[in-house]
Amino acid sequence: MKRLSLLGATGSIGQSVAKLLADAPGLFRVEAVAGGRDVAALAETARALGARFAALADPAGSKALAEALSGSGIESGAGPSAVMEAARREADVVVSAIVGVAGLAPTVAAFGAGRRVALANKECLVAAGTFFMAEAARTGTEILPVDSEHNAIFQALSAGPAKDVETITLTASGGPFRRKSREEIARATVQDALKHPNWSMGAKITIDSATLMNKGLELIEAQHLFGLPADRFEAIVHPESVVHGLVSFVDGSVVAGLAVPDMCVPIAHCLGFPERIGTSCRRLDLVALGSLTFEAPDEVRFPALALARSAMVAGGAVATVLNAANEVAVAAFLEGRIGLYGITDAVAATLDRINGGPAPASVEEALELDAQARRATAAVLPKFAAKAS
Ligand code: NAD
Ligand code: MG
């Protein structure tokens with residue numbers, strides 16, 4: 001049995017992992033689960049998975065978690081140090097599915113020789129990718145990409161040697177505003193933006209998908225995971241979300257990864273790796289689909305993509321600032337304080353104020369710059385408040 005820990009257990013990815021584990025009895029023993037603030041959901045997941053330890057990030061929930069787990073024999077802890085403990089506990093696979101840069105320190109704490117980290121959290125690569133990948137290599141940790149595009153590319157890359165890869169392509173659904181005008185997008189409500197056409201996900205990534213910032217973050221994520229120069233990566237719009245990623249080789253061969261748009265599939269790949277596990281994930285029916293379509297992304301209506309791409313090309317700490325600004329701006333949008341374009345405006349204004357410096361060389365450096373960028377974004381947000389719908 002593989003030992004597994006699940007960070008971000010109460011979220012969208014966390015619950016998909018929990019469902020897969022329930023479908024595959026006898027394959028995994030769950031060491032630890034960690035969540036943010038939802039005591040009842042964490043306790044329920046810990047019990048359902050038979051975890052040995054449950055950690056809640058919110059220190060105020062300490063007593064409530066212990067009570068919710070009483071009689072189960074599951075140990076519990078609360079506060080950031082408990083989440084770090086959950087990450088460090090002995091495990092073969094650690095699933096990193098905390099949202100945002102909050103996942104960086106626990107994910108790095110999970111590194112260790114012979115360990116596999118199934119990485120859903122993309123913000124840690126955007127904020128500190130150079131350090132993150134170097135630290136994974138130094139500690140002998142294998143990173144398996146859970147993000148569907150990166151998972152498809154990871155699988156496609158096994159078709160040829162790395163030196164013969166020409167380009168790597170990520171697909172984007174285009175989000176709920178793919179066919180909307182700039183004016184309509186500017187007036188979009190929180191509810192409109194939360195209605196993703198193909199995927200059911202947490203709120204932050206759903207908003208990132210509506211602005212296409214998600215695809216920008218994913219280009220940066222891909223660059224760190226796969227280590228090619230920035231100009232070898234591209235993003236194309238594919239509304240059906242069936243082809244997730246493509247690798248083109250120097251002989252003209254293109255190897256693509258296809259699956260239904262359900263995180264069940266890439267998660268199962270990471271859990272089973274290097275083998276495969278049988279699942280009840282939905283199956284792809286191409287005849288029922290009939291056709292697959294592709295188009296170029298529109299960076300005028302979706303400026304976040306261009307902004308993230310320039311951060312990728314600039315390198316250094318620019319992406320750290322971009323990520324922090326985006327997290328603050330998305331939270332402000334979700335609270336109704338700014339409009340959808342206010343997100344990109346606030347990110348651009350933050351990047352004007354702080355233009356990076358060298359790439360962070362540690363978790364501490366990344367978090368320090370992250371905090372500085374968050375303060376700068378908070379300071380520019382009122383300028384864009386008038387644009388809220
Ligand atoms: P979510 O909001 O549904 O869940 C986030 C989880 O993180 C929750 O369990 C929450 O309690 C926990 N959390 C938040 N702050 C925490 C903290 N400080 N300490 C410990 N736990 C904390 O988000 P999600 O959609 O599941 O996404 C998780 C990550 O996976 C994100 O980085 C996202 O970009 C990435 N991702 C998600 C999907 C998807 O389909 N949902 C796909 C690809 C990548
Ligand atoms: Mg993705």
Side-chain angles (χ1 to χ4, degrees), residues 5-19 32-46 54-59 61 65 77-87 95-107 109-110 117-127 145-154 170-173 175 194 196 198-209 212-222 225 235 238 241 243-245 257 259-267 270 323 326-327 330-331 334 367:
S5 291
L6 177 53
L7 312 178
T10 58
S12 167
I13 294 282
Q15 291 296 299
S16 296
V17 173
K19 192 168 163 290
V33 291
R37 328 181 66 93
D38 189 338
V39 173
L42 184 66
E44 193 186 322
T45 303
L56 190 78
D58 179 7
L65 182 63
S81 61
V83 176
M84 295 293 272
E85 185 188 336
V95 180
S96 165
I98 292 173
V99 60
V101 84
L104 175 61
T107 306
V117 169
L119 185 68
N121 177 299
K122 61 192 80 184
E123 292 89 350
C124 57
L125 281 175
V126 177
V146 171
D147 208 348
S148 54
E149 300 77 4
H150 306 74
N151 185 271
I153 291 161
F154 179 84
L170 287 78
T171 65
S173 70
L194 283 175
H196 196 282
N198 302 348
W199 298 96
S200 156
M201 312 180 283
K204 194 257 174 185
I205 181 174
T206 305
I207 301 305
D208 284 344
S209 300
L212 288 202
M213 180 63 90
N214 184 52
K215 213 46 54 180
L217 300 178
E218 289 186 353
L219 285 170
I220 301 169
E221 178 186 14
L225 284 169
H238 167 45
S241 297
V243 180
H244 300 290
V260 292
D262 186 336
M263 291 307 293
C264 178
V265 178
I267 292 170
C270 291
N323 181 68
N326 183 57
E327 287 196 30
V330 168
L334 284 168
L367 295 182

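The structure displayed is predicted, hence computed values, not measured ones. Each ligand, and each atom within it, is numbered from 1 in the order the structure gives. Values reported hereafter were calculated over all heavy atoms of this structure, with side chains retained and with hydrogens, waters and symmetry mates removed.
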Are Leu217 and Asn326 close enough, and set up right, to give a side-chain contact (heavy atoms from CB on, under 4.5 Å), and what steps lead you there?
-> CA-CA 10 Å; Leu217 300 178; Asn326 183 57; 4.2 Å; yes
Do Thr45 and Gln15 have side-chain atoms, one donor and one acceptor, less than 3.5 Å apart?
-> yes
Return the name of the atom in [X], of element N, O or S, nearest to the Mg ion (ligand 2).
X	value
Asp147	OD1
Glu149	OE1
Glu218	OE2

Carefully, step by step, assess Ile220 and Asn323 under the rule side-chain contact (heavy atoms from CB on, under 4.5 Å).
-> CA-CA 11 Å; Ile220 301 169; Asn323 181 68; over 6 Å; no
Does [X] use its side chain to pair, donor to acceptor, with the backbone of [Y] at less than 3.5 Å?
X	Y	answer
Asn121	Ile98	yes
His150	Leu225	no
Glu123	Gly100	yes
Asp58	Gly36	no

Near ligand 1, at a heavy-atom separation below 4.0 Å: residues by chain and residue number | Gly8, Ala9, Thr10, Gly11, Ser12, Ile13, Gly35, Gly36, Ala57, Ala97, Ile98, Val99, Ala102, Ala120, Asn121, Lys122, Glu123, Asp147, Met201, Gly202, Ile205, Met263
